[in-house]
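Down below is the structure, laid out as structure tokens.
This one's a predicted model, so the numbers in the text were calculated from it and none came from an experiment. Remember, it's 1-based here, ligands and their atoms both numbered in the order they're listed.
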Amino acid sequence: MSAVTAERAPVVELHDALVEFLGPRNVSTDRRMLERASVDGARMSPVISERLPLGIAEIVAFPTTAEDIARVVQEAVSRGIPVTPRGKGTGNYGQAIPSTGGLVLDTSRARTIHEVGDGTITADAGAPMAQLEQAAREAGQQLWMYPSTMNSSIGGFLAGGSGGTGTIVHGANHMGFVVALDVVHADGSGLTHVEGEAAQRYVHNYGTAGIIARATVRLEPEVAWRALYASFPSFGGSLSVVREIGRLEPRPRLVSADTVEVSAALPDDDAIPSGRSSLRAIAHPDAVAEITRLIADAGGRVEAVRDGAVEGAKLSTLSYNHPIEWLQKSRPGFYYHLEVAGDVLADDIDLVHATIGDGLLHIEAGHTVPIGMLASEYVGPEAVEAAIERLTAIGVRVHNCHQWNVDFEVQRTIEVARTTDPRGLLNPGKLNPDYTGPQKGSIR
Ligand SMILES: Cc1cc2nc3c(=O)[nH]c(=O)nc-3n(C[C@H](O)[C@H](O)[C@H](O)COP(=O)(O)OP(=O)(O)OC[C@H]3O[C@@H](n4cnc5c(N)ncnc54)[C@H](O)[C@@H]3O)c2cc1C
């Protein structure tokens, strides 16, 4: 590093200390690396995109073990330098952007899986969810919950995500998924092991209460899932069966459906025919016959039933926000979306679509009520607020996802962080005591 001013001296010192113990290949101040470490999937939100860039890292470090994650945090906070943790950077709304600069702690090289036990798996924070699922399957088990973004990290999913494949059975927010964590506080205390209820305090709050260095999460017995693709002449057909399929015993792992327009934007696949509404389920093998009957009775047809874990995982990557991402790719800069829930989505889709103005819904059979992502033309942030009001008035539950504040157990996180991060150095700018919007997952 060059041009050391008094203000920059701590950053230079930190850089030198990190190079010393991580080695030069695991520390960078290269401009392109810093820029890459300072963005996440926030471009998905036109509301946030208009405000980018929101911050730029001064250093990015790539520790390769949980112990090194603790040491990196200690080196930074002892110099008063903020630390923004980062997994794969796939979060959608700017939560991984280092809004006050400082250090980005990229965990993607800390990916060791330590143990696959009976009902649990333990890995360092950067281990990709796909790798965990694979390891679990080799032991006759499967993850209790995982996101549709399979390459995202376990640390990022626990700290940033809110649900995904498994939500239909276990509910949103994956409470109960976390068994134990090794976390790092900004007080120089190294790795702290927390279990059960104490571990839940680090979930969904973007590292603001402590950085997850290692995680033990729950597994369940493996099922030989079938990836079932069906289609209907119109979205109404898909909507007429989505809840019933979701409630069938043995329960499916996922049920998703899309309007004809959203279906057309999905990746090419013979099982997603053009001009029809696509319905996809990760189905229990014992339920395939009953699902097939329900679909036929509702005027649809089964396009394909595919075996194997890879096929099931592929259907996960066409769920939650992913269909909206495909829709956005089909017409760049046009759409925004809202996270929505409620029976009205399936009961009166024409009203829902009309309320948001030419809306397009992606729906999932949720744990209790249908959940979904509702897209429409983006004409500015005020119109988004107005659409939320109108949707709420017709009984749609809405989560305005276009913001990066911690929106889950905010007061609890503030209390915890008072001790664990007294100087507010962990992911600054995300823990806002004035946040009053809906809580993550509360609409589901
Ligand atoms: C198309 C699309 C679809 C998506 N669908 C889903 C979905 O189905 N379900 C879902 O829950 N999410 C979904 N997401 C959001 C996101 O992909 C997930 O939350 C993902 O698991 C985040 O993992 P990551 O490794 O990319 O984390 P990042 O984006 O890197 O980080 C997420 C947040 O956690 C913090 N963080 C990262 N690592 C740690 C750590 N070790 N300790 C503490 N804090 C940390 C970051 O600072 C940030 O605030 C989707 C995203 C996209 C782009």
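- Residue Pro85 has at least one N or O atom closer than 3.5 Å to an N or O atom of ligand 1.
- Around atom 28 (P) of ligand 1, the closest heavy atom drawn from Gly160, Pro128, Gly89 belongs to Gly89.
- Checked against a 3.5 angstrom limit, the closest N/O atoms of Gly91 and ligand 1 fall inside it.
- Here Asn427 has side-chain heavy atoms under 4.0 Å from ligand 1, and that is the only part of it that gets that close.
- Of all the listed residues (His322, Glu325, Glu364), His322 holds the heavy atom that lies closest to atom 3 (C) of ligand 1.
- Inspection of the Ser28 and Asp30 side chains reveals no N or O donor paired with an N or O acceptor under 3.5 Å.
- Residue contacts with ligand 1 for Ser153 involve both N, CA, C or O and side-chain atoms from C-beta outward (heavy atoms, distance under 4.0 Å).
- Among the atoms of Met44, none of the N or O lies under 3.5 angstrom from an N or O of ligand 1.
- For ligand 1, one of its N or O atoms has an N or O atom of Ser152 under 3.5 Å away.
- Ion pairing between a basic and an acidic side chain is recognised when a charged N comes within 4.0 Å of a carboxylate O; Arg253 and Glu133 show such pairing.
- Looking at Thr420, its side chain does come within 3.5 Å of a backbone N or O of Ala209 through a donor-acceptor pair.
- At under 3.5 Å, not a single nitrogen or oxygen of Tyr320, backbone or side chain, sits near a nitrogen or oxygen of ligand 1.
- With atom 9 (N) of ligand 1 as the reference point, the heavy atom nearest to it among Gly166, Ala215, Gly163 is part of Gly163.
- Evaluation of the salt bridge (charged side-chain N to carboxylate O under 4.0 Å, His left out) rule for Asp40 yields no partner, not counting sequence neighbours.
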Which side-chain N or O atoms in residues 17-26 pair as donor and acceptor under 3.5 Å with protein atoms at least two apart or in another chain?
| unit_1 | atom_1 | unit_2 | atom_2 | d |
| --- | --- | --- | --- | --- |
| Asn26 | OD1 | Arg109 | NH1 | 2.7 |
| Asn26 | ND2 | Leu22 | O | 3.2 |

Pair Met44, Gln328 - check side-chain contact (heavy atoms from CB on, under 4.5 Å), show working. CA-CA 8 Å; Met44 182 149 201; Gln328 289 182 326; 3.6 Å; yes
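- At a heavy-atom cutoff of 4.0 Å, ligand 1 is contacted by the side chain of Thr149 but not by its backbone.
- Every atom of ligand 1 is numbered from 1 in the order shown, and the set under 4.0 Å from a heavy atom of Gly87 is 25 (O), 28 (P), 30 (O), 37 (C), 38 (N).
- By the 30° and 60° cut-offs, the orientation of the rings of Tyr378 relative to Tyr336 is perpendicular.
- When heavy-atom distances to ligand 1 are checked against a 4.0 Å cut-off, Tyr206 comes that close through both its backbone and its side chain.
- Using bins of under 30°, 30° to 60° and over 60° for the plane-to-plane angle, the ring pair His337/His402 lands in the perpendicular bin.
- Between Glu415 and Gln411, the side chains place no donor N or O within less than 3.5 Å of an acceptor N or O (distance only, hydrogens not considered).
- Annotation: Thr84 places no N or O atom under 3.5 Å from an N or O atom of ligand 1; distance criterion only.
- Nearest-residue assignment for atom 38 (N) of ligand 1 (options Ala110, Ser148, Gly156; heavy-atom criterion): Gly156.
- In this structure, Arg71 does not pair ionically with Glu67, as no charged nitrogen and carboxylate oxygen lie closer than 4.0 Å.
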